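One structure below.
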Amino acid sequence: TALMADEDRLIKQFLKRKKWPIIETGSGLRYFINEEGKGQNLAKAGQYATIACTVSLLNGKVCYKTKLGETKSFTIEADEVESGLHEGIKYMKVGDKAKMIIPSHLAHGLLGDLDKIPPRASIIYDVQLIKLR
């Protein structure tokens, strides 16, 4: 659709400015590991992931951020978090830090989150995978 094409163009412009070494998946998620951790295995569906993260918009506005020492946890592919985060976390090992650009269709879609993330917004997750169990 035209909306997805516009959003894709905005993401590409953003990445051109940032010059990040991005990997794009078939779904439209874009990510890269910017710091390798000590973990041996990639996260997988059904595992309980504990992360620290900052969620921001392409314009740099921070929407959410875990405070120092705080974490957020969810079961991969089971809990109510962005589908793009479910996908992206599976490219990570414990200790890895990654940047993920999650297009709106994998994030909060047409409505946003009815709080800090506007409708049809791409979001950037700056995330560290702290623990898996």
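Values in this document were obtained by computation on a predicted structure and should not be read as measured data.
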Steps toward side chain to side chain contact (heavy atoms under 4.5 Å, CB included) verdict (V55, K116): CA-CA 10 Å; V55 180; K116 297 180 180 177; over 6 Å; no
Working for side chain to side chain contact (heavy atoms under 4.5 Å, CB included), residues Y31 and T25: CA-CA 8 Å; Y31 78 97; T25 70; 4.0 Å; yes
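Contact record, A98 with I33: CB-CD1, 3.9 Å, taken as the closest heavy-atom pair. Closest non-hydrogen pair, P103 versus S122, comes out as CA-OG, 4.1 Å. Considering every non-hydrogen atom in both S56 and G60, the closest pair reads CB-O, 4.3 Å. Residues K19 and K16 come closest through the heavy atom pair CG-O, 3.5 Å. Minimum heavy-atom separation, A45 to K90: N-CD, 4.0 Å.
Residues I23 and L129 share a hydrophobic cluster, clusters being chains of Ile/Leu/Val/Met/Phe/Trp/Tyr side chains in contact below 4.5 Å. If you chain together hydrophobic residues whose side chains sit under 4.5 Å apart, L106 and L15 never meet in one group. Residues Y91 and M100 share a single hydrophobic cluster, defined by chaining ILVMFWY side chains whose heavy atoms lie under 4.5 Å apart. Linking ILVMFWY residues whenever their side-chain heavy atoms come closer than 4.5 Å, directly or via other members, leaves I130 and F74 in distinct clusters. When hydrophobic clusters are built by joining Ile, Leu, Val, Met, Phe, Trp and Tyr residues whose side-chain heavy atoms come closer than 4.5 Å, directly or via intermediates, L42 is not grouped with I89.
In this structure, Q47 and T75 have side chains that are not in contact, with every pair of non-hydrogen atoms separated by 4.5 Å or more. L110 is not listed as a side-chain neighbour of P119, based on a closest heavy-atom distance of 4.5 Å or more. Using a 4.5 Å heavy-atom threshold, the side chains of M92 and V127 count as touching. In this structure, the side chains of L58 and I11 come closer than 4.5 Å at one or more pairs of heavy atoms. Looking at R30 and W20, their side chains never come closer than 4.5 Å, going by heavy atoms from C-beta outward. For the pair L57 and I123, the minimum side-chain heavy-atom distance is below 4.5 Å.
Other residues, nucleotides and ligands place no more than 12 heavy atoms under 6.0 Å from the CZ atom of R133. Other residues, nucleotides and ligands contribute over 12 non-hydrogen atoms within 6.0 Å of the CD atom of E70.
With values rounded to the nearest 0.5 angstrom, I22 atom CD1 is found 5.5 Å from F32 atom CZ. Note that the CD1 atom of I101 and the CD1 atom of I124 stand 5.0 Å from one another [nearest 0.5 Å]. Remark: L29 CG to H86 NE2 distance equals 12.5 Å, nearest 0.5 Å. Rounded to the nearest 0.5 angstrom, L132 CG and K93 NZ are separated by 12.0 Å. Note that CG of L10 and CD of Q13 are 5.5 Å apart. Values are rounded to the nearest 0.5 Å. With rounding to the nearest 0.5 Å, the separation of NE2 in H108 from CZ in R120 is 15.5 Å.
One N or O on the side chain of T66 and one on the backbone of C53 form a donor-acceptor pair closer than 3.5 Å. A donor-acceptor pair under 3.5 Å links the side-chain atoms of N59 to the main chain of K61, judged by distance alone.
Each of K65, K97, K99 was evaluated against D126; a single residue qualifies, K99, per the side chain to side chain donor-acceptor pair (under 3.5 Å) test.
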